[in-house]
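For reference, the structure is listed below as structure tokens.
Both counts, for ligands and for their atoms, begin at 1 and track the order of listing. Numbers for residues simply follow the sequence, beginning at 1. Just so it is clear, the values below take in all heavy atoms, side chains as well, and ignore hydrogens, waters and symmetry mates.
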Amino acid sequence: MDWDNLGFKVVPTKTLYVARTDENLQWQPGACVPYGPLEIHPASGALNYGQSGFEGMKAFDAAGRSVVLFRPHDNARRMQQLAERLCMPPYPVDDFVAAVLSVVNENREFIPPGDKGSLYIRPVLSGSGPVLGVGPASSYIFYVFVSPVGPYFKGGIRPIDLLVTDYHRAAPNGTGNVKAAGNYAASLKPLTGAKSAGYDEVLYLDAREDIFVEEVGAANFFAVLKSGVIVTPRHGSILPGITRDSIIRLSMEHFSWQVEERDIEIHEVLGEAAECFSTGTAAVVTPIGSITYRGARHALSDGKPGEKTMALRDRLVGIQRKKYPDPYSWVVEVPR
Ligand code: PLP
Ligand code: COI
């Protein structure tokens, strides 16, 4: 493995974990199987009606001493919310975590050493059985594959340039608050358009008023206002990020910084923000260097990573890699 040049792409590994339901939607015991293609019915709910969704998490090498996961039970619970919303049988939380532990343990040789990267973990829940009239699939698959990854954005940790898109990713009472695969299908046109115009990612506004900031393509949004207060969009149609929750807690409890979860107008961000950043498993904490809205480019913190942004990033990554104490018991060791 070329550990120094990892990007964010699929690298085949040794095994993946697979479990399936029977026709009565009861989960059958799963197992790690050799890495490779899966069989799926041509009339599957996933391929025909988008009845599918996923999770994203990472395993880290903690200074060569252990391999750890970050808040895996929270990913398991969020996948249960996905299951509920898309009418899929929920995969039990303990079985989810056990599956992730076993597939990570079996693929230890693919975990980037030290700070070179991490092992991205992708649990997927899909309607695999046939269905013709619109309705839930007749059977389901849960699987977990892994891939060694480096930084999500090309060029490593650097401030990214965002374009405020006219498209909306999530409507009130839609599916924006769960990791439904279709949310990402719908994001491809705005994303590829923004990338071909030279931006790294899009920033979405709310679908009702088209004025409140929601989130970055695949990450949550934060602004540090000139007053020092940190603001982030409240729950509703955003994805409730586990990194977002961790950053809120670290801001308030470790740094004693004030955080407000509320509606944030794009004009407030453009006028009042001293720093902006996005958070996610893939994005970690990524500084935002500029936001372009209606043709006007607004630079943030002189295009340099903000001070609070980097302090939060350092604290989070330090806990994730067991460099710093973990007062919240977020880190879970992967047993051999
Ligand atoms: N928002 C969206 C749309 C995402 O896809 C993700 C990634 O999972 C996030 C936010 C961040 O969530 P988390 O911090 O749990 O990875
Ligand atoms: C993650 O951060 O895990 C995500 O889900 C983002 C992704 C779609 C690459």
Side-chain angles (χ1 to χ4, degrees), residues 6-11 52-60 69-82 85 96 100 104 117-125 144-154 160 162 165 167-171 174-188 190-192 194-195 200-207 213-222 232-251 261 276-286 288 312-313 316-317 319-320 328 330:
L6 288 170
F8 199 90
K9 50 188 189 304
V10 176
V11 176
S52 185
F54 64 93
E55 269 301 324
M57 38 206 301
K58 280 175 174 171
F60 303 95
L69 303 177
F70 187 68
R71 304 183 65 174
H73 297 84
D74 292 294
N75 293 91
R77 283 188 279 268
R78 192 169 62 188
M79 185 168 257
Q80 294 210 323
Q81 288 158 12
L82 165 82
R85 182 65 179 83
F96 176 106
V100 169
V104 170
S118 53
L119 189 71
Y120 189 75
I121 305 163
R122 174 54 62 82
V124 179
L125 178 63
V144 186
F145 70 89
V146 295
S147 184
V149 295
Y152 189 62
F153 295 103
K154 279 201 191 89
I160 55 170
L162 300 186
T165 173
Y167 290 96
H168 294 118
R169 76 171 278 285
T175 58
N177 61 342
V178 293
K179 274 181 92 74
N183 294 346
Y184 299 83
S187 78
L188 298 177
L191 177 66
T192 52
K195 284 198 172 176
D200 295 297
E201 256 287 7
V202 294
L203 182 60
Y204 287 100
L205 301 183
D206 77 290
V213 175
E214 291 231 308
E215 57 191 309
V216 181
N220 292 113
F221 178 85
F222 284 79
T232 192
R234 62 174 172 78
H235 283 159
S237 49
I238 65 164
L239 204 266
I242 294 159
T243 320
R244 172 188 180 279
D245 182 73
S246 309
I247 288 297
I248 292 172
R249 289 194 65 182
L250 289 174
S251 298
E261 294 177 69
C276 291
F277 60 90
S278 68
T279 66
T281 299
V284 194
V285 174
T286 299
I288 296 168
L312 285 163
R313 182 187 167 98
L316 176 75
V317 171
I319 293 175
Q320 286 175 333
Y328 311 105
W330 283 339

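- Ligand 2 does not have M57 within reach: every non-hydrogen atom of the residue lies 4.0 Å or more from it.
- Proximity of K179 to ligand 2, defined as any heavy-atom pair under 4.0 Å, is confined to the side chain (atoms from C-beta onward).
- Partners of Y184 under the ring-ring contact (aromatic ring centres under 6.0 Å, His included) rule, at least two apart in sequence or in another chain, are F54.
- Between atom CG of residue L69 and atom CG of residue D74 there is a gap of 12.0 Å, rounded to the nearest 0.5 Å.
- Of the protein's non-hydrogen atoms, R122 NH2, 3.9 Å is the one closest to atom 7 (C) of ligand 2.
- A282 N, 2.8 Å is the protein heavy atom nearest to atom 2 (O) of ligand 2.
- When Y152, Y120, Y184 are ranked by how near their heavy atoms come to atom 1 (C) of ligand 2, first place goes to Y120.
- Atom CD1 of residue I288 and atom CG of residue L162 lie 4.5 Å apart, to the nearest 0.5 angstrom.
- The existence of a salt bridge linking E215 and R169 is confirmed by a sub-4.0 Å separation between a basic side-chain nitrogen and an acidic carboxylate oxygen.
- In this structure, V317 and F60 have side chains that are not in contact, with every pair of non-hydrogen atoms separated by 4.5 Å or more.
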> Passes ring pair (Phe, Tyr, Trp, His ring centres under 6.0 Å), Y120 versus F8? Steps please.
Replying inline: CA-CA 9 Å; Y120 189 75; F8 199 90; 5.1 Å; yes
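- If you take CG on N220 and OG1 on T243, they are separated by 7.5 Å, rounding to the nearest 0.5 Å.
- Each of the atoms 6 (C) of ligand 2 lies under 4.0 Å from some heavy atom of A218.
- Between T281 atom OG1 and R122 atom CZ the span is 9.5 Å, to the nearest 0.5 Å.
- Taking each heavy atom of F221 and T232 in turn, the nearest pair found is O-OG1, 2.6 Å.
- Within 4.0 Å of ligand 1, protein heavy atoms come from R78, R169, K179, Y184, E215, G217, A218, A219, N220, L239, G241, I242, T243, T279, G280, T281.
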